[in-house]
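Remarks on the structure that follows.
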Amino acid sequence: MVRIYIDQKPYDVKPGKNLLETCLTLGLDLPYFCWHPAMGSVGACRQCAVKVFKDENDKAGRLVMACMEGVRDNMYLSVNDTVAHDFRSQNIEWLMSNHPHDCAVCDEGGSCHLQDMTVMTGHAYRRFRFPKRTYQNQYLGPFLHHEMNRCIQCYRCVRFYKDYAGGKDLDVFAAHNHVYFGREKDGVLENEFSGNLAEVCPTGVFTDKTLREHYTRKWDMTMAPSVCQHCSLGCNIIAGERYGALRQITNRFNGAVNGYFICDRGRYGYEFVNDPDRVRQPVIHAEKEGRNLFESLSGILTEGKLIGIGSPRASLEANFALRRLVGEENFYQGIPENEAELLRKILAIQHSGHVHTPSLKETEYADVTLVLGEDPTNSAPRLALALRQAVRTKPLEDIAGSNIPLWNDAAIREMIQDEKGELFMAYPVNTKLDEIASGALHAAPEDIARFGFAIAHFIDGHAPVPEGMEPQTLESARRVADLLEKAERPLIVSGTTLFNGDIIQAAYQIGQALEKGERKAALCFVLPECNSAGLALMQAPSLAMAMKAAETGKFATAVVLENDLYRRAERSEVDRFFSTFENCIVLDHLENDTARRATVLIPTATFAEGEGTLVNNEERAQRFFQVFMPKNEHIRESWRWLDEFRQFRDGSRPDELRELDNLLEELVSAMPQFKGAEMAAPLSDFRINGQRIPREPHRFSGRTAMLANVAVSEPKPPEDTDSPLSFTMEGYRGLPPAPLTPFYWSPGWNSGQSMHKYQSEAGGSLRGGDPGVRLSGDGVHFSNGLQGTIPSAFKRQDNEMALVPLPHIFGSDELSVRSSSVEGRSPRAYIALSSLDAERLHAAEGSILQMRIGGQVFDLPVTLKNELPEGLAGLPYNLPSMSGITWPAKGVLTNTAL
Amino acid sequence: MNEILKYTLMIVIILFTLTTIAAWLIWLERRMLALWQDRYGPNRAGPFGLFIVVADTIKLFFKEDWIPPFAEKAVFVFAPAIVAAAVLLSFVVVPFAPDILVADLDIGLLFFLAMSSLGVYSIVLGGWASNNKYSLLGALRGASQMISYEVFMGLSLMGVVMLSGSFRLTDIVMAQKDFWFVVTQPVAFVLFLTAGIAETHRLPFDIPEAESELVAGFHSEYSGMKFGMFFIGEYLGIILISAMVVTIFFGGWLGPVLPPVVWFTLKTFVFIIFFILLRASLPRPRYDQLMEYGWKIILPIALLNLLVTGGFTLLKN
Amino acid sequence: MISLLRSIGLIFLHMFRKRETIQYPEEKVVLHPRWRGRIVLTRDPDGGERCVGCYLCAAACPVDCISLQATEDEHGRRYPAFFRINFSRCIFCGYCEEACPTYAIQLTPDFEMGEYNRQNLVYEKEDLLIDSQGKYPGYNYYKVAGLSAGVKGKGEGANEEPPVDIRSLIP
């Protein structure tokens, strides 16, 4: 701690920070533009001027940029000094001299950092009489809208897009006072994190294009803390609603998970909530006419035995409610056997005690990273961004001795030049991370596993060595082993993407080899879906087992929870499965093939209309909260429906379970491995000063008019029985607990930049700790062990191709692809081949080949990927048109044109 | 037989006339107030807006007959009836004309004093039964105001009784054949008028209501026709006090040319309008000022007046 | 005492004064142009809707009786898809007019809006939009705004330079 004096008041502050961070941490309002807590300072905008004095007696002082000056002990400075204040005010006036008269039609208005800072400095009247500079805009794809006139040249966009996220196609053009931030020519912004520009840009140059289609100001949205549903990382998000439609997803800071940024799939994948194909009413496909929902349900639920199929995209509560309805022995995970097997293995490894499971934030600090059979950019995008930071951050260790502080971004980047941390990629095809990797291996999954085993062998001689490996591969394995062994914070990333247990085993062997007493290697696994870990922790048998059990014919009714089984197994198998039941109750929110098989189709709430808990890939239980009350009373959370079914069948017991909290309590007592999940967020009776936390900002408008067209008497606002949040603007206005933060706002700070008011220090963790609770996994016994053998090397088969699934950030996720913007970025179905294989089939790029996998036939255009080994083909994973393949798959490829 | 029929008819006619006049006073008051405030007042319903009274009555009848759940039900219902009944009983002794009066009691004046002070029960009971702090405060004020002003109301009239030598109201009227008692007893007239205003709780002495302090005082919880009874009671009180002033100080029905009942009515209306004028022009005193005024100023004056009158009477004899 | 008598006398003399009441509806009231009555949405000099759906009126409204949804046409011009004022809640404070950056929403000297059915006091855009510029003739927001929305191109505004050539390094 050092002591500084700001405006004659003494403060004890943390050393090593710059003045701007320090002032913000102390709660002082100091305007800034170019500084960003995740990206450091460059001193480009000249906005955060303060006066620093030589000593106590110095009255003159000198102006400095707060973001470019570190704190020193016994430092005297002034924020409110007239000269500094005037300087900041004039700086804004200059910035505003070319800023257009656009606020009324600008999407940033109301959450605009430039507006906030202009008001903060007191600049109110334009004195500059001369013409304003103008620019032409560019088309930037379905995610972002470009309005270049509004730019204030803070360089945040390119610093984020190019430097932080590794984008190639956004840059700064022209010179002098007319620099231009955009692409070389119109076109889609390619980077997977482009959506963050809408938040990074302090004004309205880059704005959310999907929000524009149903534009609502921030102050008019009903918002709730939520968790992204589109991959296993569980990034924290804020979801906003107006007039019964979900309008916008923004980042919710979680220091341990996603920090300041989320990927575009998470930001733009929300539109499925507003899909016209939503299931909105219960549908009964029963022969007996004239029975209402409850008559037919009571018939179905009481006749014969029930089998329950859970889902990795449904919340813990929903899966548990289903398990209680059908009984523990009749509850099955709705995922294929091999996927279940992989998840069991991963959980066994994570609970083995030999490896460390890192949080997403920790992965940003790895010094050597090995990615084994994963393409994080597409399977867990935010992890790819974290790995980029690991690579960028590592060289900073080397300059720790220099006297340039690490927040001085431009200077340290200049100093480290092209130095990079070590990242090694092993994946069948090129990935976006290859460009920053110090080495990459493109091989079949079996060979990637063997490569991993080889690394384990080189670290720990006792580990078995795979035989018959190419010397060149062995050499790179030795090099990676060497790096990992020397590393202080080694990280191995693996996962389920390639559906190969040997790769996971290899990753574990490496982790085990690296274990030295207390110091454990970090092993980060990418899982398939948002609640895969939670479902797997329930330790239920897989869908294949359910199919086997159903063959016996002892089940009369299947209850399928938020799961399209046609994506999980081959169509004919699923058809046979359904034909064994008299009735089938499907609970889902979107119309799909499984829903069409239902005897009774029950509409359920999406993440925006209900509450629930998800367990992410590091087994962090996180609560997402209901954003808005669906207009239709039939749309309820799955767990509510399922629990009603149970009460309905067993006779109503009103004293039992009414709320989410009770269900979680029972979940934890039934399955101690979930201990901690009930603490992911405060209980529903939590109040501050007897008040709830309002979901709506205090400027929320239109309360007496928005429903006036229906009935002029305002209805009572909906009440929330499941959470401490309220659906109105009334409630506690201070700082809510971190898991309950529905939006970021602070007096004078309307934009998301107000986040620092919620943090214990600028850029640090949230006050009261980052949300989410790591599950202990107590009492889990994973029977199938941590043993595995080294697989034999991949060999090309003459008659059939081995297939690997290639996930795509836009397209492979079931829900996000229902968003029109994400769908627009989704690839069409294709088959990736090496040119050797293509030549053999007389095919070239784009020619159509027929692929037969089991009973399914696909006609696919060829995409050449020469890095693929011969005999191995890549298929895009789980595109809507190509689901239902059992991975790992083999297929016969023919050229029907011949 | 004939006698009974005659009196029954008289009672019915007087009762009907009084209540009707009391009702139209609502209109008169609103029109007069408007006149003094440069407005028109109710002028839409019927000729000169006279039917506003009918509209008001219909409105009152159609209001929800609401008894608050926390109120003492029986007393709450009973209280408004007392005020109207007590005032109407006082009219028994009022000589509208030599032959138009119900009972020419020899203790007429005492009967009037007794009956008019009964009215306060309605306020006290209504306020108490409402079980509401504002009502109770209003009721307490009403009671103390009544006690204070009743004293010198009686005292101020004693001078007149001394001069006329009778409590019988017809005797008092007849005693004014030569000159009205307002001439011989001016002080008593002023005191009686003041006390009368206080007695009827009219502005500026509407302390038990005092809407700017006590919501609506003792009748805060009343609505519909029960409130209407208080209302009617108040207007009947105005008529009564005006009639008594006329009887005691302004020669009652005495007057030239016109028939006696017309004289009586004319004189009475002058005072009714004077009541309204007071409401239009005077602000309400504070409660403590009212009490101080009553006990420390008016009471001594009343006693003094009695003493002087007594002295004169002695000397004269 | 004298003052009491004096005020009684003065009040009595008011009997002979002229009455101030206007006998509405037979006699009409003369209202100022800035009277805050019925709210309208005006058009710009070219006949286009002035409202750009910025939500400031709704935010300024102390009784929250304005609700709208912004949308845009093919040129990027913003306009309200619906615009609703619940006049049964409106207090005619005029804050919406003050907040409006485009002079679109204006209060007019008309108060004769009585209805027997409260539901009829909910005005939709077609009830609010008039074919007039209202109190502020000549103003067209899109002529002075920076963005191009089919009214003027980039750099064609009165106070704008032509668009920057981003391939040029000439100062």
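Note on naming: letters A, B, ... go to the chains in the order of the sequence lines (proteins, then strands), and numbering restarts at 1 for each one. Atoms considered below: every heavy atom in the structure, side chains included; atoms not considered: hydrogens, waters and symmetry mates. Small disclaimer: the values here were computed from a predicted structure and weren't measured.
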Less than 4.5 Å to any heavy atom of chain C: does that hold for the side chain of B/Leu35, its backbone, both, or neither?
both
Could you tell me the separation between the CG atom of B/Leu278 and the CG atom of C/Leu4, rounded to the nearest 0.5 Å?
9.5 Å
Side chain proximity check, B/Leu282 to C/Ser7, heavy atoms < 4.5 angstrom
yes
Determine whether more than 12 heavy atoms belonging to other residues, nucleotides or ligands lie under 6.0 Å from atom OH of B/Tyr293.
no
Heavy-atom count around C/Tyr24 OH within 6.0 Å, excluding the residue itself: above 12?
yes
Going from CD1 on C/Ile11 to CD1 on B/Ile276, what distance comes out if it is rounded to the nearest 0.5 angstrom?
14.0 Å
How far apart are the closest heavy atoms of B/Tyr40 and C/Thr21, and which atoms are they?
CD1-CB, 3.3 Å
Side chain / backbone / both / neither for B/Arg44 at chain C, heavy atoms under 4.5 Å
side chain
Would you name the heavy atoms of B/Leu277 and C/Phe12 that are closest together and state the gap between them?
CD2-CD1, 3.8 Å
With a cut-off of 6.0 Å (strictly less than), are more than 12 heavy atoms of other residues, nucleotides or ligands near OH of B/Tyr287?
yes
How far does CD of C/Glu20 sit from CZ of B/Arg39, to the nearest 0.5 angstrom?
12.0 Å
I'd like to know whether NZ of C/Lys28 has more than 12 heavy-atom contacts from other residues, nucleotides or ligands below 6.0 angstrom.
yes
Do C/Arg19 side-chain atoms and B/Asp38 backbone N/O form a donor-acceptor pair below 3.5 Å?
no
How about CD1 on C/Ile170, more than 12 heavy atoms from neighbouring residues, nucleotides or ligands closer than 6.0 Å, or not?
no
Verify the neighbour count for atom CZ of C/Arg34: are there more than 12 heavy atoms of other residues, nucleotides or ligands below 6.0 Å?
no
Is the count of non-hydrogen atoms from other residues, nucleotides or ligands lying under 6.0 Å from B/Phe312 atom CZ greater than 12?
no
